[in-house]
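Report on the following structure.
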Amino acid sequence: MRKVEFDEAKCKGCGICVHFCPKSALAMADRINSTGYHPAELANEAACISCGICGRVCPDAVIEVFKP
């Protein structure tokens, strides 16, 4: 089951979600999305607690958090 899903095509790679993740579960991807940015991704699924902070701080609303 996914805990966090990103709309990678709309992510501008600002890194705000990565900065505010209390468990350091997110990271900026090495790949580049269709708009030329490095999107955020769930890098450590085991660390993610589905708190939803990333979704709340995302200025472009590209993050959906699923509760287990």
Side-chain angles (χ1 to χ4, degrees):
M1 180 179 163
R2 289 174 293 180
K3 294 182 177 182
V4 179
E5 187 173 289
F6 297 83
D7 185 346
E8 287 194 9
K10 294 181 182 175
C11 180
K12 295 179 185 170
C14 69
I16 294 173
C17 59
V18 174
H19 176 77
F20 282 99
C21 179
K23 297 295 183 177
S24 300
L26 307 180
M28 302 311 293
D30 290 333
R31 66 189 171 284
I32 296 175
N33 66 13
S34 60
T35 54
Y37 299 102
H38 291 275
E41 65 180 359
L42 180 59
N44 186 350
E45 188 170 352
C48 179
I49 58 172
S50 299
C51 65
I53 291 172
C54 57
R56 288 193 300 274
V57 300
C58 178
D60 297 310
V62 303
I63 303 171
E64 185 173 358
V65 178
F66 300 93
K67 298 288 182 181

Using residues 49-60 as the side-chain source, report each donor-acceptor pair under 3.5 Å to any protein atom, sequence neighbours left out, with the distance given to one decimal.
unit_1 : atom_1 : unit_2 : atom_2 : d
Ser50  : OG     : Phe66  : O      : 3.0
Arg56  : NH1    : Cys51  : O      : 3.4

Which salt bridge (Lys or Arg N to Asp or Glu O under 4.0 Å) pairs, counting each pair once, include a residue from residues 15-39, with sequence neighbours left out? Glu8-Arg31, Arg31-Glu41
Which residues satisfy the side-chain contact (heavy atoms from CB on, under 4.5 Å) test with Ala27, sequence neighbours excluded? Ala43
For Ala40 against Cys11, the heavy-atom pair lying closest together: N-SG, 3.5 Å
Under the salt bridge (Lys or Arg N to Asp or Glu O under 4.0 Å) rule, collect the residues that match up with Glu5, sequence neighbours excluded. Arg2
Mind checking who shares a hydrophobic cluster with Leu26, ILVMFWY linked at side-chain heavy-atom distances under 4.5 Å? Val4, Phe6, Val18, Met28, Leu42, Val62, Ile63, Val65
